[in-house]
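This report refers to the structure that appears directly beneath it.
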Number of protein chains: 2
Amino acid sequence: MLNNDVYKALSDENRRRILDILHEKDHTAGEIADQFTMSKAGISQHLNILKQAELVYAKKQGQYVLYSLNTSVFQEVVRWLMKFNKEE
Amino acid sequence: MLNNDVYKALSDENRRRILDILHEKDHTAGEIADQFTMSKAGISQHLNILKQAELVYAKKQGQYVLYSLNTSVFQEVVRWLMKFNKEE
DNA sequence: TAAGTATTTAAGTAATTACTTAAATATAAA
DNA sequence: TTTATATTTAAGTAATTACTTAAATACTTA
């Protein structure tokens, strides 16, 4: 079964907004932080929670860290939720 | 957009287990509580969170309260998650 | 009506969460 | 090298969460 961390990660509005931003295209940590009023440290902590849940990848590029979506984990959540809508 | 309460409701392991139990068939509050080691009051509070999130219905039947799934809200969560997997 | 059963509400608490600012680390550029 | 930029880590804190037990409410049955 799917990790509790994934659902916990998705339960925060700011983290879901980060996922929406990354859905558009890959972004560095700073580019993401620029779209929030929250401190960069706060965003970094949210990114870490998303990374732990394997919802995003982080790749160091020089002095930047480029974040991108890991779409495969979303499929697992969808699979669990789908069963409540269809007969199996 | 979908209510934050829904994601918050889904973020707890015990609440997801309650949803799995209700997916099987409708249950009274007591029948649900019997499947947990937690107090009945604790389960009642979880049921209330699921009800606020409109993930379940509650219907009083005599001295019992019968809980059942409200499948329509799941579809909204699935819709949000699906976009991370497919090109739109 | 009194007693029993089912459920919720209230009040309290320990643990967790979401932030903050300051300091640390890593890389780049002057 | 020093200074600037990007990001993370650490430490502290206020708010929220997930429970508990005890009391309240609602219904049923003797």
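Small disclaimer: the values here were computed from a predicted structure and weren't measured. Order of the sequence lines sets the chain letters (A, B, ...), proteins ahead of strands, with each chain counted from 1.
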For the pair made of CD in B:Gln63 and P in C:dA6, what is the distance, rounded to whole Å?
6 Å

Look at all strands and tell whether B:Phe36 reaches a base, only sugar-phosphate, or nothing, counting heavy atoms closer than 4.0 Å.
nothing

Scan B:Gly30 against the nucleic acid and name what it touches under 4.0 Å (heavy atoms): base, sugar-phosphate only, or nothing.
sugar-phosphate

Indicate, with yes or no, if B:Leu66 and B:Leu22 share a hydrophobic cluster defined by side-chain heavy-atom contacts under 4.5 Å among Ile, Leu, Val, Met, Phe, Trp and Tyr.
no

Is the shortest side-chain heavy-atom distance between B:Asp20 and A:Phe84 below 4.5 Å?
yes

Most 5' of A:Gly62 and A:Asn14 on DNA chain C, judged by nearest nucleotide
A:Asn14

What does A:Asn48 touch in the nucleic acid at a heavy-atom separation under 4.0 angstrom: a base, only the sugar-phosphate, or nothing?
nothing

Calculate, to the nearest 0.5 Å, the distance between atoms OG1 and CG belonging to B:Thr71 and A:Leu81 respectively.
12.0 Å

Please list every donor-acceptor pair under 3.5 Å in which a side-chain atom of residues 42-60 of chain B meets a protein atom from a residue at least two apart or in another chain.
| from | atom 1 | to | atom 2 | distance (Å) |
| --- | --- | --- | --- | --- |
| B:His46 | ND1 | B:Arg15 | NH1 | 3.1 |
| B:Tyr57 | OH | B:Asn70 | OD1 | 3.3 |

Mind checking whether A:Ile21 and A:Phe36 have side chains closer than 4.5 Å, heavy atoms only?
yes

Segment of DNA chain D, first to last nucleotide, that comes within the 4.0 Å heavy-atom reach of chain B
D:dT17 to D:dT28

Whichever of A:Lys8 and A:Lys60 has the more 5' nearest nucleotide on DNA chain D, that residue is A:Lys60

Given DNA chain C, 5'-ward residue of the pair A:Ile49 and A:Tyr64, judged by closest heavy atom
A:Ile49

What nucleic acid atoms does A:Ala41 come within less than 4.0 Å of, heavy atoms only: base, sugar-phosphate, or nothing?
base

For the pair A:Asp34 and A:Lys40, find out whether any cationic side-chain nitrogen is under 4.0 Å from an anionic carboxylate oxygen.
yes

Check the distance between C:dA6's C1' and B:Gln45's CD and give it to me in whole angstrom.
16 Å

